[in-house]
Trainee: 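Just passing along the structure, written as structure tokens.
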Amino acid sequence: MLYEEFSDFYEVARKRHIIFFYMGYFSQPVVAAISETIRARLDTAGAAGPTRRRIFSSFVEMSQNIMHYSSDTLTPDDDAEHQMRRGSFCIGMKDDSFFLLCANPVDSLNVERIRSRLDPLHTMTMEEIKLAYKKALREETPADSKGAGLGFLTMARDASEPLEFEFVPDEHQPQSTVFCIKAII
């Protein structure tokens, strides 16, 4: 029975060409360990240097979003140095591209704020994204941001296609919504 459960999961991952998957609590030590594993897996997958850089950059942004904004936390909000928040992340291959997929619960009150940052990226050209990125570097950190407000711009800049995202009501936590984002690199 145990092997059958593992085999079922392994077959799904193999069919979807998943090269890395993690689900659990993210912290700085966990992200550091995952980073090492991702570097090794990308080497064995034959990813070129610039592709590896873009994948790694997007992974860092996705993991930072989980550690800053996931509504499922094991640590107090005021302990910014030792955050442990729940989410999931995977890297897979489709044709000649890599995809990064990330999901985590967010407070439902934040959905429209997140959507308002992502929606404009769908209509922007790569040049407009790069200009917006440079502009954001020069501006003050947004009041509702725990970083520099560059995460989605960084992922959009690194992606070869527009970012895909969706919000799904969290059936286990009514005040939360599951936020999923995907980048093709």
Trainee: With clusters defined by side-chain heavy atoms of hydrophobic residues (ILVMFWY) lying less than 4.5 Å apart, directly or transitively, does V168 cluster with V111?
Mentor: no
Trainee: Measuring only between side-chain heavy atoms, which start at C-beta, is L131 closer than 4.5 Å to E128?
Mentor: no
Trainee: Keeping the roles fixed (side chain from Q83, backbone from P76), state whether a donor-acceptor pair exists under 3.5 Å.
Mentor: yes
Trainee: Kindly give the heavy-atom pair with the smallest separation between I55 and L100, and that separation in Å.
Mentor: O-CD2, 3.5 Å
Trainee: Pick one: which of Q173, R85, Q175 meets side-chain contact (heavy atoms from CB on, under 4.5 Å) with S71?
Mentor: Q173
Trainee: Ignoring hydrogens and geometry, is there a side-chain-to-backbone donor-acceptor pair from D170 to H172 under 3.5 Å?
Mentor: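 Yes: the side chain of D170 pairs with the backbone of H172.
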Trainee: Out of curiosity, I181 CD1 to E61 CD, how far, rounded to the nearest 0.5 Å?
Mentor: 10.5 Å
Trainee: Can R113 be said to sit on top of Y69's aromatic six-ring, NZ or CZ under 6.0 Å from centre and within 45° of the ring axis?
Mentor: yes
Trainee: Tell me whether D96 at atom CG has more than 12 heavy atoms from other residues, nucleotides or ligands lying less than 6.0 Å away.
Mentor: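 Check fails, neighbour count at 12 or below.
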Trainee: Do T44 and R41 come close enough that some side-chain heavy atom pair is under 4.5 Å?
Mentor: yes
Trainee: Can you tell me how far apart CD1 (I19) and CZ (F98) are? Round to the nearest 0.5 Å.
Mentor: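 I19 CD1 to F98 CZ: 5.0 Å, rounded to 0.5 Å.
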Trainee: Considering residues at least two apart in sequence or located in another chain, which fulfil the salt bridge (charged side-chain N to carboxylate O under 4.0 Å, His left out) criterion with K135?
Mentor: E139
Trainee: Using modelled atom types only, decide if a donor and an acceptor are shared between the side chain of S70 and the backbone of R86 within a distance under 3.5 Å.
Mentor: yes
Trainee: Less than 4.5 Å apart, side chain to side chain, heavy atoms only: is that true for I34 and V30?
Mentor: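 A side-chain contact under 4.5 Å exists here.
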Trainee: Starting from F21, can I reach V12 by hopping between I/L/V/M/F/W/Y residues whose side chains sit under 4.5 Å apart?
Mentor: no
Trainee: For S35 versus F59, what's the shortest heavy-atom pair and its separation?
Mentor: OG-CE2, 3.4 Å
Trainee: Is it the case that more than 12 heavy atoms not belonging to R53 sit under 6.0 Å from its CZ atom?
Mentor: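 Buried by this count: over 12 neighbours within 6.0 Å.
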Trainee: Between R52 and I38, does a side chain to side chain contact (heavy atoms under 4.5 Å, CB included) hold up when you go through it step by step?
Mentor: CA-CA 9 Å; R52 285 196 323 241; I38 288 173; over 6 Å; no
Trainee: What's the separation between atom CE in M155 and atom CG in L118, rounded to the nearest 0.5 Å?
Mentor: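 Going from the CE atom of M155 to the CG atom of L118 covers 7.0 Å.
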Trainee: Is the count of non-hydrogen atoms from other residues, nucleotides or ligands lying under 6.0 Å from E5 atom CD greater than 12?
Mentor: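 Yes.
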Trainee: Measuring from atom CG of N104 to atom CG of D72, what distance do you get when rounded to the nearest 0.5 angstrom?
Mentor: 9.5 Å
Trainee: So, for I66 and A103, which heavy atoms are closest and what is the spacing to 0.1 Å?
Mentor: CD1-O, 4.4 Å
Trainee: Can you give me the closest heavy-atom contact between M126 and A159, atom names plus distance?
Mentor: CE-O, 3.6 Å
Trainee: Measuring from atom CZ of F99 to atom CE of M93, what distance do you get when rounded to the nearest 0.5 angstrom?
Mentor: 10.0 Å
Trainee: Shortest non-hydrogen contact from L101 to K182?
Mentor: CD1-CB, 3.8 Å
Trainee: For S7 and Y3, indicate whether the former's side chain and the latter's backbone hold a donor-acceptor pair under 3.5 Å.
Mentor: no
Trainee: Assign the ring pair Y10 / F6 to parallel, tilted or perpendicular, where the plane angle (0 to 90°) is split at 30° and 60°.
Mentor: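 If you compare the ring of Y10 with that of F6, the planes turn out parallel.
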Trainee: Establish, yes or no, whether the cationic atom of R157 lies under 6.0 Å from the six-membered ring centre of Y133 and within 45° of the ring axis.
Mentor: yes
Trainee: Counting N and O atoms only, with roles assigned by atom type, does the side chain of T73 sit under 3.5 Å from a partner on the main chain of M84, one being a donor and the other an acceptor?
Mentor: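 Yes; judged by distance alone, with no hydrogens or angles, the pair exists.
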Trainee: Kindly work out whether a path of hydrophobic side-chain contacts (I/L/V/M/F/W/Y, heavy atoms less than 4.5 Å apart) joins M62 to V60.
Mentor: yes
Trainee: Step by step, would you call R54 with S57 a side-chain hydrogen bond (donor to acceptor under 3.5 Å, both in side chains)?
Mentor: CA-CA 5 Å; R54 290 192 316 272; S57 171; over 6 Å; no
Trainee: Membership question, hydrophobic clusters at under 4.5 Å side-chain separation (ILVMFWY): are Y25 and V178 in the same one?
Mentor: no
Trainee: Atom CD1 in I114, atom CZ in F167: separation rounded to 0.5 Å?
Mentor: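 The CZ atom of F167 is 5.0 Å from CD1 of I114, to the nearest 0.5 Å.
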Trainee: Test of understanding: clusters of I, L, V, M, F, W, Y form through side-chain heavy atoms closer than 4.5 Å, transitively. Do Y22 and M67 belong to the same one?
Mentor: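 Same cluster.
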Trainee: Do the charged groups of R115 and E112 touch, with an N to O distance under 4.0 Å?
Mentor: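 A salt bridge is present here (some side-chain N lies under 4.0 Å from a carboxylate O).
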Trainee: Tell me, please, which residues at least two apart from H122 pass ring-ring contact (aromatic ring centres under 6.0 Å, His included).
Mentor: F165
Trainee: Would you call E11 and R14 a salt bridge, taking side-chain N to carboxylate O under 4.0 Å as the test?
Mentor: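 A salt bridge links E11 with R14.
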Trainee: Of all heavy-atom pairs between H82 and T75, which one has the smallest distance, and what is that distance?
Mentor: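 Shortest heavy-atom separation between H82 and T75 comes out as O-CG2, 3.2 Å.
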